[in-house]
Trainee: 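This is the structure I want to talk about, given as structure tokens.
Side-chain atoms are counted along with the backbone in the values below, which use heavy atoms only and exclude waters and symmetry mates.
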Amino acid sequence: MYRAPVDEIAHTLKNLTGLGAQIEAGQSGELSADLMDAILEEAGKFANDEIAPLAEIGDEQGAQLKDAKVTMPDGWADMYRRWTQGGWNALTGEEEFGGQGLPMALATATYEMWNSGSLGFGVGPTLTTGAIEALQAHATEDLQHKYLPKLISGEWTGTMNLTEPQAGSDLNALKTRAEPQGDGTYRIFGQKIFITYGEHDMTDNIVHLVLARLPDAPAGQRGISLFLVPKFHVGDDGVIGARNDVFCSGLEHKLGIHASPTCTMIYGDGKFGDTPGAVGWLIGEENRGLACMFTMMNNARLLVGIQGTAVAETATQKALAYAQERRQGRAADHDGEGMSPIILHPDVQRNLLTMQALTNASRAVAYNCAHAIDRAGGADDSEFWTARAGLLTPIAKAFSTDIGCEVASIGVQIHGGMGFVEETGAARLMRDARIAPIYEGTNGIQAIDLVTRKLPLGNGDVVAGYIAELRAIAEDVGTSNRDDLAGIAEALNVALDDLDATTATMLGWLKDSDKNRALAGATPYLRLFGLAAAGCYNAKSALASDASIHPHRSAIARFTAHNLLGETAGLRRTVEGGADSLLEAGALLAAVS
């Protein structure tokens, strides 16, 4: 059973991001180190005792659709209500609307625990958080006061409606339309697919944020607007009224996250209401919907990244427990009678250490991204932190979710044949993990975003500044004179040399308008970036710890440096020399198709 690693989470927040220093300097409002510890401890208890026990039930029963109504698995609606009563949905909301105004970094840590307990549960509040962000930034005061208190409390949930059957990542093909009614409202008509928690029975209202086109909108993405469309109308007094003309017509049968209802939503076919058309209200400006939606999407990408960390943590715990119990073969240094626990075999140890190292590193990457988002809201150096958040978001999303899949797969391997059957739960984690590299912008799109939009920020100064900070970590390790960290700095600097060189190569290709070469190497470049950061963060974790109390952190740092960072050299060769063969072979594939 999952147990929240509260000490490791707190250590990462305090020592591997700038949040700990902020708290010490009194720059985090009323948030103290003790309060943060208490919040994390209580979140861990809820994840352990309430969410994790329902994960298997959620996977086996799944969400069920009948007569346009979705019923959640046994116990889930009650569990969700207890979760909202605990104030967990309100952590980052504005205090004016009932939120607690706490840092995104702290909330991200709690989201790790919710998703470790059950990815099918954790994905739902992620969308509500995104809807809150969009409304806080772009909605009118009237809409904010009508909808934000209930969304922030979690009494209502929110969704993001982008995808259509013909319009996935490319929103140019979007067809859903919005017809102005002359009274400040719009009638929405269209179909949306893959809508997470688009319908369920955990709350009495659902607030949909829907992308649609106005009749006179320009073509392409410049002509997309964003609308708030509630499941039930809400009166000026906040009381829920009649049903709006929107409903769920189908649920997807998925590889994983079975408890999360993935809905096909129909807007405006006359099923509900006297007049066809779902009534909606404009968010932001006409034809500027993507700008509003990206406010929602960027945080959602971070919180999907933490899903990768979350499932990796659970998979690691499960594999470690199994390896301690399962006996097979006889290890070389096993002195006892009979077969050895498989944890004594070096190859199993290598797998377990890989799981732990990658999980810890992905956590640090995601928390640093969240901290940058927090700082981007400040007054003095917000421009710097906005750029830093932009740089780290695609890495936090793609690297961490790739790690989730990788670690969950290793977990199945450690379980052997018992991992391939459903009894142990290792297979469920692998199935659940596989969605995270796909939704909220596929990891290939994240790599494109990193290379073509984020590396050129500040003419390359933003990425150069971040790499310089990683260099400083390597220097601190090298000058620490700690025996437990010997040899790590050299490995870190080699990996950072690879990152420096490939970054310069990418920027050169972009400057020369050789975009196809940059795109060909984008995914291996993102992996290289993530690994270099991983090595540095795991080393920083050890550097910030007393080796006599936490020897595992030094061990993880050494293992990362000497067993995982060697991959950066191969990735560098792929980025720098693989474009020609890829593009030539790709042309043949296109010709055949």
Side-chain angles (χ1 to χ4, degrees), residues 162-175 193-194 219-221 252 254-256 301 304-305 308 393-395 397-406 408-410 412-413 430-431 433-456 460 463 495 497-532 564-593:
L162 290 81
T163 307
E164 299 177 8
Q166 78 292 339
S169 300
D170 184 358
L171 295 175
N172 288 301
L174 187 143
K175 293 181 179 179
I193 63 172
F194 299 152
Q221 295 186 9
E252 303 296 341
K254 310 184 298 288
L255 178 69
R301 285 174 172 172
V304 169
T393 293
I395 302 166
K397 195 280 182 182
F399 179 73
S400 298
T401 56
D402 282 345
I403 293 312
C405 289
E406 185 175 333
S409 178
I410 296 173
V412 171
Q413 187 70 22
M430 186 174 175
R431 289 187 286 102
R434 194 59 191 86
I435 185 56
I438 297 172
Y439 57 20
E440 301 306 336
T442 66
N443 285 1
I445 289 175
Q446 303 307 312
I448 292 170
D449 177 52
L450 173 64
V451 167
T452 62
R453 295 183 64 243
K454 304 308 173 53
L455 293 191
V463 65
D497 287 344
D498 291 330
L499 179 57
D500 253 332
T502 52
T503 301
T505 297
M506 284 291 187
L507 289 171
W509 283 335
L510 294 174
K511 183 179 180 181
D512 295 339
S513 299
D514 198 352
K515 190 174 181 179
N516 269 348
R517 285 184 180 276
L519 294 177
T523 291
Y525 174 78
L526 189 149
R527 172 75 176 191
L528 194 166
F529 204 130
L531 281 175
L564 301 182
L565 291 189
E567 187 181 339
T568 65
L571 290 166
R572 176 180 175 180
R573 287 194 297 272
T574 299
V575 171
E576 294 178 341
D580 286 341
S581 59
L582 186 155
L583 294 172
E584 290 168 4
L588 292 175
L589 287 175
V592 170
S593 62

Trainee: Side chain to side chain contact (heavy atoms under 4.5 Å, CB included) with Met506: which residues, sequence neighbours excluded?
Mentor: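 Only Val451, Leu455, Trp509, Ala518, Tyr525, Val575 meet the side chain to side chain contact (heavy atoms under 4.5 Å, CB included) criterion with Met506.
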Trainee: With sequence neighbours left out, what residues match Gln166 under side-chain hydrogen bond (donor to acceptor under 3.5 Å, both in side chains)?
Mentor: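 So Gln166 forms a side-chain hydrogen bond (donor to acceptor under 3.5 Å, both in side chains) with Glu164.
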Trainee: Mind checking what makes salt bridge (charged side-chain N to carboxylate O under 4.0 Å, His left out) contact with Glu252, not counting sequence neighbours?
Mentor: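 By the salt bridge (charged side-chain N to carboxylate O under 4.0 Å, His left out) rule, Glu252 matches no residue at all.
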Trainee: How would you list, by chain and number, every residue that makes a salt bridge (charged side-chain N to carboxylate O under 4.0 Å, His left out) with Asp449, sequence neighbours excluded?
Mentor: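 Salt bridge (charged side-chain N to carboxylate O under 4.0 Å, His left out) list for Asp449, sorted by chain: Arg453, Lys454.
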Trainee: Mind checking what makes side-chain hydrogen bond (donor to acceptor under 3.5 Å, both in side chains) contact with Asp497, not counting sequence neighbours?
Mentor: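 side-chain hydrogen bond (donor to acceptor under 3.5 Å, both in side chains) check on Asp497 returns Arg471.
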Trainee: So, using salt bridge (charged side-chain N to carboxylate O under 4.0 Å, His left out) as the criterion, who are the partners of Asp512 when residues are at least two apart?
Mentor: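 Asp512: no salt bridge (charged side-chain N to carboxylate O under 4.0 Å, His left out) contacts found.
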Trainee: Does Ile448 have any side chain to side chain contact (heavy atoms under 4.5 Å, CB included) partners at least two apart in sequence or in another chain, and if so, which?
Mentor: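 Side chain to side chain contact (heavy atoms under 4.5 Å, CB included) check on Ile448 returns Thr452, Leu519.
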Trainee: List the residues meeting side chain to side chain contact (heavy atoms under 4.5 Å, CB included) with Pro456, not counting sequence neighbours, and say none if there are none.
Mentor: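 Side chain to side chain contact (heavy atoms under 4.5 Å, CB included) check on Pro456 returns Leu510.
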Trainee: With sequence neighbours excluded, tell me which residues meet side chain to side chain contact (heavy atoms under 4.5 Å, CB included) with Thr568.
Mentor: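 With sequence neighbours excluded, Thr568 shows a side chain to side chain contact (heavy atoms under 4.5 Å, CB included) to Ala495, Asp498, Leu528, Leu531, given in chain and number order.
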Trainee: Can you name the side-chain hydrogen bond (donor to acceptor under 3.5 Å, both in side chains) partners of Asn443, sequence neighbours left out?
Mentor: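 So Asn443 forms a side-chain hydrogen bond (donor to acceptor under 3.5 Å, both in side chains) with Lys397, Thr401, Asp402.
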Trainee: Which residues pass the side-chain hydrogen bond (donor to acceptor under 3.5 Å, both in side chains) test with Gln413, not counting sequence neighbours?
Mentor: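 Once residues adjacent in sequence are excluded, Gln413 has no partner under the side-chain hydrogen bond (donor to acceptor under 3.5 Å, both in side chains) criterion.
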Trainee: Would you mind writing out the side-chain donor-acceptor pairs for residues 578-587 within the sub-3.5 Å range, not counting sequence neighbours?
Mentor:
residue	atom	partner	partner atom	Å
Asp580	OD1	Arg517	NH1	3.2
Asp580	OD1	Arg517	NH2	2.8
Ser581	OG	Gly578	O	3.2

